[in-house]
Amino acid sequence: RPPAPMPVKAAQFPPFQEATLPNGLRLLVVENHKLPVISVQLAFPAGGTYDAAGKVGTADMVATLLTQGAGKRTADEFSAAIEGIGGSIGASADPDFLTVSANFLTSDAAFGMGLMADAVMRPSFADKEVELARTQTLSALQLEQSQPAAIAARFFARELYGAHPYGRRPDPTTVKAISQADLKAFQATRMRPAGALLVFAGDISLAKAKALAATAFAGWTGTAPAAVAAALPPARTATELLLVHRAGSVQSNILVGNLTWGPGDPRVYGARLANQVLGGSGDSRLFLILREQKGWTYGAYSSFTRFKGTGYFQASAEVRTDVTDSSLVELLNQVKRIGAETIDAKEFEDAKSSLVGRFPLQVETSTQVAGQVTMARLLGLPGDYVQTYRQKLAATTAAGARAAAKDGIKRDAALIVVVGDGAKIYEKLKGIAPVKIISVEGDPMTPNDFKVKALDIDASALAARTDSFAVILQGNAIGAQVGKLEKVAGGWKYTETTSIAMAGMQQTTTLTLNDALGGQEVHRAGSQQGQAAKIDVSYAGGRAKGSATTPSQTGPKTVAVDAEMPKGAIDDNAIQPMMGAMKWAAGARIPVAVFQSGKGTLAQWTLTVTGEEKVKVAAGEFDAWKVEMTGGDTPITMWVSKAGSRVVKMVPAGIPISIELVK
């Protein structure tokens, strides 16, 4: 038998001291002289909740740009300066705070603090860097549109918090609206010393920290304006379900949750333990039941998220489409059970032992202690919160945990968000809770919208042509793509050959279409990174039949294709040759039901005209529509010429290449 547990002892913390500088900057020093290294964090109440309406994403862009040129240094010079002393410096923003972090040797403390001061007080916000940060942000947002988990998180926050700033997320419109002047104004207004917290951890004393801060931040004064209090939405009185329709999804992403309380609420200890039992780890109820017993998911978890204001509870799972309703019912049962039933004594003690025993590992170093104490101070928690956390957790009873769960987990007034194929899951979901349906773009939908609609095209506008593209990486051609569309008896034939040596890609795809541009058959032969890439699929009688072999991380994957091919759907390889038949206009949004012949699945893609630009490529200069194509594995930005509707440039999101028309 294992020995009885010893009494909980107080965790041993390195000494830390606090002071307030003349300019109002709060200072916290955690001493540890074992190594000649110093870690520094400077946090401001300047997170995403302070973004102006219509310009959400400002705090994130400011954080990105603080170290991309500051003082008299350009972005490259700033990077070289910190790397030259073997240090690091960066910044990030969350909903409540913007934090600048740095690490350097004790001997380089003055120089390192000078760089931090430049980043905080004198960022350049150079035109070039601002536009680069904007482009990177837009690319990341575009990529999110192909990730069901990101889509679920976005709509969960919006539905949970409503118009409150915690519910906002950046989108292309708000990011494009942020000007250089907005960034400068945000930094000048929100990043002020009074109300900020400066933390030193490592080989430094309080006196030395004061001297370094006084020198580095000389002349820096001011207080950020107080935040305007924002109202939360009315409390839910019943469970509501938001279904985000994502046609063709082979899994459903489920989120269930509710608003909770502020960071200082005494119920946090009981809630932490209840959550550990419910879904805090791989040996918790949700994981063991939904994965180990049922085999419905790779993992299911739950958590409490703490903000400066009102936080929230969330339980989540990613499950197969065919068990979406069963998984949701079981998850809801477990969510209700944690607050309705007495927690088994052994189950509770195991959860408590895990959390209490793990805590000392989270405060082993001065940097870890500084991080814990910093967050406690920023959230306005008691001065001894970190020192007494373990003892208060250990003193919490099973009854206390159950009571906290009952108060903080609202099964009968929960928000449910499900991202999945509405055509396959809606009928069963509506028996669980009232369902509201939207598209991945956020547009309201009805069950009738699940039906495949024919693509609105003008087949007579299509013309035979050959387009040659270069694949460009950092200004250098690394491959080529040639697409040839030709008129044949009974319809059209499109042949596309792609060759990218460095990616080991060599493949040819042939697609035949009838006169109405309906697919007849598609064939592909080639390889990628030494793996076969092959498709042989025919379309007839409302079905797609054949086989496809595609590369994967574990080797070539072959699937037998035998699926419904609804009238109006097109093969995914037909998108590019059919550009000339599509009806382009400013602001146009063209939904396309796509059969992904390499997977054997149906999906909904969307082509959205987001602007008009003049594009210069090797083939010439073109007045073009800027088109965002979303819904596939990789979103793509395309530029389609206004004259002739030719694709003149393509840029896949998250991949540093462009495909540009040569002739």
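Remember, predicted model here, so these are calculated numbers, not experimental data.
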Examine distances only and state if a side-chain atom of R291 and a backbone atom of Y298 form a donor-acceptor pair shorter than 3.5 Å. yes

Around atom CD of E292, are there more than 12 heavy atoms from other residues, nucleotides or ligands closer than 6.0 Å? yes

So that I can tick it off, tell me whether D633 and K599 are bridged by a salt bridge, with the cut-off set at under 4.0 angstrom between side-chain N and carboxylate O. yes

Under 3.5 Å donor-acceptor, R134 side chain and M61 backbone: no

Can you tell whether the side chains of R543 and D562 come within less than 4.0 Å, N to carboxylate O? yes

Stepwise side chain to side chain contact (heavy atoms under 4.5 Å, CB included) test for K487 and W492: CA-CA 5 Å; K487 191 74 176 70; W492 296 85; 3.5 Å; yes

Do the non-hydrogen side-chain atoms of M578 and V592 ever get within less than 4.5 Å of each other? no

Any luck finding a side-chain donor-acceptor pair between T630 and E628 under 3.5 Å? no

Say whether, by atom type as modelled, one donor and one acceptor occur between the side chain of S439 and the main chain of E441 under 3.5 angstrom. yes

Pair N253, R246: side-chain N/O donor-acceptor within cut-off below 3.5 Å: no

Kindly say whether P170 contributes a backbone atom to a donor-acceptor pair with the side chain of T174 at under 3.5 angstrom? no

Considering only heavy atoms from C-beta outward, does the side chain of I500 approach that of I478 to under 4.5 Å? yes

Can you tell if the side chain of Q481 reaches within under 4.5 Å of the side chain of M650, non-hydrogen atoms only? yes

Which pairs count as ring pair (Phe, Tyr, Trp, His ring centres under 6.0 Å) when at least one residue sits in residues 636-663, sequence neighbours excluded? none

Output for pair (L141 CG, R169 CZ), nearest 0.5 Å, gives 11.5 Å

Go through it in stages, so that I can follow the logic: the residues are L241 and L328, the test is side chain to side chain contact (heavy atoms under 4.5 Å, CB included), and I'd like the CA-CA distance, side-chain angles, deciding distance and then a yes or no. CA-CA 11 Å; L241 196 158; L328 177 55; 3.9 Å; yes

Full working for side chain to side chain contact (heavy atoms under 4.5 Å, CB included) between V56 and D171: CA-CA 8 Å; V56 180; D171 62 42; over 6 Å; no

From the list L455, N573, I575, L602, side chain to side chain contact (heavy atoms under 4.5 Å, CB included) partner of V594 resolves to I575

Looking only at side chains, do S303 and Q314 share a donor and an acceptor under 3.5 Å apart? no

Among Q142, K649, K626, exactly one meets side chain to side chain donor-acceptor pair (under 3.5 Å) together with T637. Which residue is that? Q142

Are any of the side-chain heavy atoms of P591 and Q604 separated by less than 4.5 Å? yes

More than 12 non-hydrogen atoms from neighbouring residues, nucleotides or ligands closer than 6.0 Å to NZ on K534, yes or no? no

Whether over 12 other heavy atoms sit under 6.0 Å from K128 NZ: no

Look only at the side chain of T137 and the backbone of A133, and say whether a donor-acceptor pair between them is shorter than 3.5 Å. yes

Counting N and O atoms only, with roles assigned by atom type, does the side chain of D51 sit under 3.5 Å from a partner on the main chain of A59, one being a donor and the other an acceptor? yes

Between E612 and D623, is there a donor-acceptor pair closer than 3.5 Å when you use the side chain of the first and the backbone of the second? no

Please check this pair: side chain of D536 against backbone of G546, looking for a donor-acceptor N/O pair closer than 3.5 Å. no

R465 side chain vs G644 backbone, donor-acceptor pair below 3.5 Å: yes

Examine distances only and state if a side-chain atom of T466 and a backbone atom of V482 form a donor-acceptor pair shorter than 3.5 Å. no

Below 4.5 Å, heavy atoms only, C-beta onward: do Q506 and T497 meet side chain to side chain? yes

Find out whether V329 and I432 are in side-chain contact, i.e. whether some heavy atom of one side chain is under 4.5 Å from a heavy atom of the other. yes

Greater than 12 external heavy atoms within 6.0 Å of K616's NZ: no

Run V627 and W584 through side chain to side chain contact (heavy atoms under 4.5 Å, CB included) and show every step you take. CA-CA 10 Å; V627 180; W584 302 106; 3.7 Å; yes

